[in-house]
Amino acid sequence: MLSPANTGAKPLVSLNNVGIRRNGRWLVRGVDFSVSPGEIVTLIGPNGSGKSTSAKAAIGVLKPDEGTVERLSGLKVGYVPQKLAVDWTLPLTVRRLMTLTGPLADKEMMAALESAGMAHMRDAEVQHLSGGEFQRALMARAIARKPDLLVLDEPVQGVDFSGEIALYDLIKQIRNTTGCGILLISHDLHVVMAETDTVICLNGHVCCRGTPQTVSQSPEYVRLFGSRAAQTLAVYSHHHDHTHLPDGRVQHADGSVTDHCHSEDGHHHNHDHSHDHGHDHKHEHEHNGHNDHDHHPAGERHA
Amino acid sequence: MIMIITLRESAMLDDFFVRAILAGVGLALTTGPLGCFIIWRRMAYFGDTIAHSALLGVALSLLFRFNLTLAVFGVAATVSILLLLLQKRQALSADALLGILSHATLAIGLVMVAFMSWVRIDLIAFLFGDILAVSKSDIAVIWGGGIFVVAAIVWLWRPLLASTVNPELAEAEGLQPERARLFFMLLMAVVIAIAMKIVGIMLITSLLIIPAAAARRFSPTPEIMAVLASLIGAVAVVGGLFGSLTYDTPSGPSIVVAALILFIFSLLPRLGRRQAQGQGT
């Protein structure tokens, strides 16, 4: 499958060896990735692994303490944050939400609301929307700006499974019709949108990266999630064998501690075919869904 | 300094009453939109803290024979910026920081005033306001300052509102929420400097918060809420002053009581919410 990302366009944003520290602790370090026009990049990783931090660095909300972030000049960003609570005292309808950060023609507003399936809710107060409706309203707001780069921080949180598939369909449609680059943060460590061009797994640094396409076509996966889901979602299975200590050093599964983690430290992938990771991975040829991988060390918790 | 005088002791509907209404209405129109942001952003305690710091400004102005309004603005602005910087360090919770600064500045102001045995000031007038003593130049300051503040709020409206909903979203989409926040805090300092004479240090935040809270139920958009808060504040000022005239009560607190009555009225009919909910599914 030829993705638009392969056309060789200049990246919208690229992070080069980015590190961000707070209170003497590195939240992320050594993060490298870029998003090109028409490309969907998905960030996955356990809680606290720096997914949101990396995304915020990409859009300039957080300044990197080391490394560089390059954005195209005049880059227009549409952002759907992870947590957004609107105080009841603020009277905000969906319609008013749409023009929150910039003016918008009525026609474009309605087109965006319709594509997100929220046109009938345009006069509702946002405090009365359900989780999924609110996410779709936020998505409509972000796409109405016609952004070059759309950043979605866990857009399907609090949305049921069929709603999740509908939202992923919407994201795919946005990419296909507008050709914008999309940086997506997944709430699930293993399941990503099938259209994702690049999956980047973070655990305080970039653990591994790859494409999810082939996995989603595997018979085991289709059996597990159904063919409809398989068109939309894909398993990106891998496991980590080291943890990052608060001081930035790395503790490995065998108990040894080093200053950095090395590519050969082993972020073991279980993809069913080999794609070029640029470093030596062990491909174990087992893709039994995402329930049966042992994650060690035991310190990692997955919801 | 003149003690809080009640209207019955003086000539009815004299010039000063018109001046009081002009000053009060001018202030209420300014505090409406600002007060909306105070409640949307949950900054009521912040407003109180900045207001309390005004007494330190009063003391400094007496000590250095400096213009009172400018001294109060200077101290209020300094405390706001200090709060911004301290909050960034995240050593103490914002709540605890406000508690410390609020009472520390008030206490330092009181102690300094007590030390200056050569000046005799009427503390009650500073704490609870003296709207019946406003002069023509005070009115000029209130309206001039008020027009400046409202113009600034209109100019900052979009970044302020967007960062109220989510600062990171505002930042990501190029609206510079930090700058808007800094300007907002300076505007608060301006309003407190000009409001102190009218409702006093202890009651300033009530004129910010109560009209805005009363406006919420009748407001379908943030913009309407800001305008309604101004109008409700103006009604409270006029009502409070006439109440003070009729019942021989102190003017500042009477205005606050009038605002409170309007707020309670806004809670009674459950019309606004029902209509808004009817739009949803």
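A note on names: the letters A, B, ... follow the listed sequences, proteins ahead of strands, and every chain is numbered from 1.
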Quick one, A:Val126 and B:Val165 - any side-chain contact, counting heavy atoms below 4.5 Å? no
How close do A:Arg141 and B:Leu169 get, counting heavy atoms only, and between which atoms? NH2-CD1, 3.2 Å
Among residues two or more places apart or on two chains, list those pairs meeting salt bridge (Lys or Arg N to Asp or Glu O under 4.0 Å) that have a residue in residues 36-49 of chain B. A:Asp87-B:Arg42
Pairwise salt bridge (Lys or Arg N to Asp or Glu O under 4.0 Å) hits with a residue in residues 53-67 of chain A, at least two apart: A:Arg22-A:Asp65, A:Arg29-A:Glu66, A:Lys56-B:Glu168
Under 3.5 Å: donor-acceptor pair, side chain of B:Arg216, backbone of A:Trp88: yes
With a 4.5 angstrom heavy-atom cut-off, which part of B:Pro220 approaches chain A: side chain, backbone, both or neither? backbone
Restricting to non-hydrogen atoms, name the atom on A:Arg96 and the atom on B:Leu161 that form the minimum distance, rounded to 0.1 Å. NH2-CD2, 3.3 Å
Checking A:Arg145 against chain B: side chain, backbone, both or neither under 4.5 Å from a heavy atom? side chain
Note: B:Ile39 and A:Thr89 closest approach over all heavy atoms is O-OG1, 3.6 Å
Which residue out of A:Leu90, A:Ile59, A:Val61, A:Leu92 racks up the most heavy-atom pairs below 4.5 Å with chain B? A:Leu90
Between B:Leu175 and chain A, which part of the residue has a heavy atom less than 4.5 Å away: side chain, backbone, both or neither? side chain
Using distance only, find each side-chain donor-acceptor pair of residues 181-191 of chain B under 3.5 Å and give its atom names and separation, not counting sequence neighbours.
residue  : atom : partner : partner atom : Å
B:Arg181 : NH2  : B:Gln87 : OE1          : 2.8

Restricting to non-hydrogen atoms, name the atom on B:Ser219 and the atom on A:Pro91 that form the minimum distance, rounded to 0.1 Å. O-CB, 3.2 Å
Mind checking which of residues 101-111 of chain A sit less than 4.5 Å from chain B, heavy atom to heavy atom? A:Thr101, A:Gly102, A:Pro103
